[in-house]
Amino acid sequence: MNATMFLRLMWKEYRAVRLFWLSVIVLVGLIQWLAVLFSQQHAETLKIVFNFALGAPAFFAIGCAGAAFAAEREEGTFDFLRASPVASVDVLASKLTLVALATAAMYFALLPLAQFITGARLPDVVEWRGMLGLWLVAAVEAIVWGTLFSLLGARPLLAVVLALVAASTCAHTLAWTQREMPNLTFEWPAYLRAAPWRGLLALVVLSADVYVGLRWLDGESRRKKKRASSRRRMTATDSTLPTALTPALSQGEREKDLRPLLAKRDCSAMLGHLLWQHWRQSWRLMLTMGILCPPLSLLGISMTDSNHHRAVWPIAVFATLMGAMVFLPDQEQRRYRFFAEHNVPPRLVWLARQVPWLVTLLISISVLCLVWLFVLGDGSELLRVIETVTNRQRLENYGYYGGDLPPEGLAIAVAIVAYAAGQWVSTLVRSGIMAGFLALLFSGVLCGWITLMHAMQVSFLWSVWPIPLVLLWGTWLRAPD
């Protein structure tokens with residue numbers, strides 16, 4: 001391994017993550033201060049403060065590791081790395097080392113800050129050990145799973161989502177097998193007892209990271225050589241055709257061939273081509289998010305103990321990420337310039353991006369609400385929804401007062417607003433990982449506003465429903481830019 005090249009790559013990675021690192025520190029510090037300022041229950045406050053201090057580095061690690069390799073393809077710097085005199089081992093070692101050091105540095109920054117804010121008090125001993133067992137091992141799991149999906153994919157945001165699902169599923173499943181009280185849905189000591197098994201699984205995933213990472217540059221080079229050789233064979237085959245079979249066209253024939261290009265454009269045909277083009281680019285993203293949304297949201301709902309205000313947050317996360325992926329293929333390497341150079345109507349591009357994702361969101365939320373009604377519910381909620389729709393008086397209450405919304409209606413409202421927030425951020429931020437991060441922050445503020453209006457029984461007609469309309473209208477106006 002070249003030490004000089006390793007240090008230069010480390011400096012490159014440091015410049016890429018330093019603003020993200022500082023923003024997470026500032027955001028977590030603000031949340032901890034607000035929790036101490038407004039909370040009246042000291043025991044709950046201590047758990048909130050230290051869970052953020054221990055959990056934020058794990059989420060930072062999964063974000064950095066998920067973007068480490070996939071961002072090279074998204075930003076178009078992968079070919080530069082392949083052409084430069086750098087080995088795959090240098091790239092792998094520099095990225096893993098930087099993510100590990102930055103995660104450790106965040107622990108050293110946030111834990112003293114949490115002790116200072118809480119007056120050097122710690123949570124209960126059993127809960128504190130469980131927190132350490134959960135989050136310290138989770139940081140390692142975040143690094144290895146994020147690195148694996150980043151090596152295998154080309155989109156950082158999708159790599160982060162898949163890594164988060166894989167890491168959390170493995171951690172909770174192993175902890176669930178170590179429970180001493182089966183009637184509890186969440187038990188802190190179980191994560192500490194499952195730490196050795198989680199560490200062993202992380203070691204296996206790290207071995208896969210090393211295996212794939214050492215062949216990351218070379219493997220892509222071999223695939224490109226195969227594609228180039230197949231193109232050369234096709235070109236050679238085409239060049240053997242006799243020129244007598246392709247005579248020169250006369251002036252009249254050339255004008256006849258140009259008539260379709262000079263005719264008025266068919267917007268419906270163009271919209272169909274744009275929909276097909278976007279489907280080919282994003283069908284993997286749509287399929288992944290559509291499959292993951294219902295089961296993981298139901299899992300989050302089942303763990304909220306029928307607290308509907310907290311049950312909407314898993315739905316908001318997936319709807320926000322779906323919105324953040326709407327314009328992601330066009331933002332990658334500034335591919336939107338192709339449409340500007342070929343005079344494609346921007347409104348059609350906007351519509352071709354929104355329709356598939358809205359259909360995906362609609363199908364996912366419909367499946368989620370149906371399972372919520374028939375599996376997790378006892379049928380009373382379904383009767384309440386039917387009564388709301390068929391009874392005129394309750395229909396008026398449904399429209400005018402957010403407090404009369406059933407849980408499923410609140411989930412639909414949150415999903416629509418969160419999606420609108422995500423797609424709005426997607427047009428402003430070119431980086432997929434930053435678009436997802438900022439969209440989640442923006443969506444969190446809006447979803448907090450929705451739950452507040454729902455609790456205060458304020459009319460959704462003027463307090464909630466204008467929000468997605470304004471955000472969609474904003475991207476519609478921005479489309480020509």
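Throughout, numbering of the chain's residues begins at 1 and tracks the sequence.
- Every salt bridge (charged side-chain N to carboxylate O under 4.0 Å, His left out) that Arg335 has, sequence neighbours left out, goes to Glu332.
- Listed here is the closest heavy atom pair of Ile62 and Phe59: CG2-O, 3.2 Å.
- Residues that satisfy the ring pair (Phe, Tyr, Trp, His ring centres under 6.0 Å) test with Tyr14, not counting sequence neighbours, are Trp11.
- Within 6.0 Å of CZ on Phe52 lie no more than 12 heavy atoms contributed by other residues, nucleotides or ligands.
- The aromatic rings of Trp216 and Phe69 sit perpendicular to each other, their planes meeting at more than 60°, with 30° as the lower class boundary.
- Between Phe149 and Trp145, the ring planes are parallel. Angles under 30° get that label, and only those over 60° would be called perpendicular.
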**OP:** Kindly determine whether Leu285 and Trp357 satisfy side chain to side chain contact (heavy atoms under 4.5 Å, CB included), including the steps that lead there.
**Re:** CA-CA 10 Å; Leu285 290 174; Trp357 280 105; 3.8 Å; yes
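- Salt bridge Arg82/Glu72: absent, no basic N to carboxylate O contact under 4.0 Å.
- Here the closest non-hydrogen pair linking Gly66 and Ser150 is O-OG, 3.0 Å.
- Judged as a side chain to side chain donor-acceptor pair (under 3.5 Å), the pairs with a partner in residues 319-331 (not counting sequence neighbours) are, in order, Thr320-Ser443, Asp330-Arg353.
- Going from atom OG of Ser282 over to atom CE of Met289 covers 12.5 Å, rounded to the nearest 0.5 Å.
- Nearest heavy atoms, Pro356 versus His278: CG-CD2, 4.0 Å.
- Cation-pi geometry between Arg215 and Tyr211 is met: the NZ or CZ atom falls under 6.0 Å from the ring centre, inside 45° of the normal.
- Open room surrounds CH2 on Trp197; 12 or fewer heavy atoms of other groups in view lie less than 6.0 Å from it.
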Original post:
Going through the distances and angles, do Glu74 and Arg155 end up as a salt bridge (Lys or Arg N to Asp or Glu O under 4.0 Å)?
Top reply: CA-CA 6 Å; Glu74 183 186 54; Arg155 289 194 168 103; over 6 Å; no
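- Side-chain atoms of Gln32 come within 3.5 Å of backbone atoms of Val49 as a donor-acceptor pair (strictly under, hydrogens ignored).
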